[in-house]
There are 2 protein chains.
Amino acid sequence: MFNEADKSYPIELVAEFLGINSRTLYYYEKFSLVCPLRRGRKRYYSKEDINWLEYVRELMYEHGMNLRSIIILIKRRDAVILDRCPEDIVLCFKNYLARKETVARKINIEGEDDNVKDLK
Amino acid sequence: MFNEADKSYPIELVAEFLGINSRTLYYYEKFSLVCPLRRGRKRYYSKEDINWLEYVRELMYEHGMNLRSIIILIKRRDAVILDRCPEDIVLCFKNYLARKETVARKINIEGEDDNVKDLK
DNA sequence: AATATATTTCACTTAAAGTGAAAAAGATAT
DNA sequence: ATATCTTTTTCACTTTAAGTGAAATATATT
């Protein structure tokens, strides 16, 4: 479905691939669960973004983890929590953080991390 | 709060200790999340029951795991899922299973496991 | 300017988790 | 045996998480 040559994909395509509503992707973005690159107003999801999202869904539907705890993981990014995580989660999480920094640097301001919403 | 000499505790005391409603304990029992010993109609929770319950709460509120996934873990009791679990969960889970068998043998019928309700 | 597309907002839906209160069922005392 | 007290069960309700539909807004394109 995604060919290697392309580097990024529009939201509708990603939503379809993940089998979710595009609104859900906007929703996730509120919590900085994913940060697609933006050219103008339009969002472009990288292959890594998509992998991360697949992983988040797996955490939710196979590990039975809730969004809140994933968000806390992201916001706190501390060893206390990571200590108790299975290997693969830690790995995916670190990749996500790395990617996030790259995008942040690429786009504009640095580290302006905390207009991140909490779950209501 | 619990002295070593006693072997079991009534539901209200356990609920208070865990900081939850006793109805929640009945609720958990519907899914076989815990199986207190019963003398007559009254429930008696062992120290191990209480540890397991504390652990379940921790899974929910610190790991962000949902009840369903914990219940699936219990019902399936298969390696596929246990493989992906942190050490301590596997341990607690195995203790729970062992305890459950003991109680089952002690009380009456064996292995009559599956009048266990699913989450609606 | 008109049309098309992407995003945002708002209110709504569904399901999980938990709980309050009354009814029911067992015990215990009189 | 009846009354009283306690534990359990049932039923309907509440709260919150997660997600979504549809209209309104904003931006781009012809």
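For the numbers below, each heavy atom of this structure counts, side chains included, while hydrogens, waters and symmetry mates do not.
Distance NZ (B/Lys42) to P (D/dT9): 14 Å, rounded to an integer number of Å. Spacing between atom CZ of A/Arg38 and atom C1' of D/dA28 amounts to 14 Å, rounded to whole angstrom units.
Checking the phosphate oxygens (OP1, OP2) of C/dT19, a side-chain nitrogen or oxygen of B/Thr24 falls inside 4.0 Å. Regarding contacts with the backbone of C/dG18, a side-chain N or O of B/Arg57 is found under 4.0 angstrom from either OP1 or OP2. Taking side-chain N and O atoms only, A/Tyr28 has a distance below 4.0 Å to OP1 or OP2 of D/dG19. Neither OP1 nor OP2 of C/dA6 sits under 4.0 Å from any side-chain N or O of A/Arg43. Of the side-chain N and O atoms in B/Tyr26, none sit less than 4.0 angstrom from OP1 or OP2 of D/dT7.
Each of B/Leu33, B/Val34, B/Leu18 was scored for a side-chain contact (heavy atoms from CB on, under 4.5 Å) with B/Val56, with one residue passing: B/Leu33.
Note: A/Phe31 and A/Tyr27 have perpendicular aromatic rings, judged against thresholds of 30 and 60 degrees for the angle between ring planes.
Counting only heavy atoms from C-beta on, B/Arg23 has its side chain closest to C/dG20 among C/dT7, C/dG20, C/dA17. Closest contact between the side chain of A/Met60 and the listed nucleotides C/dA17, D/dA18, C/dA6 involves D/dA18.
With hydrogens and angles ignored, no donor-acceptor pair under 3.5 angstrom links the side chain of B/Arg41 to the base of D/dT8.
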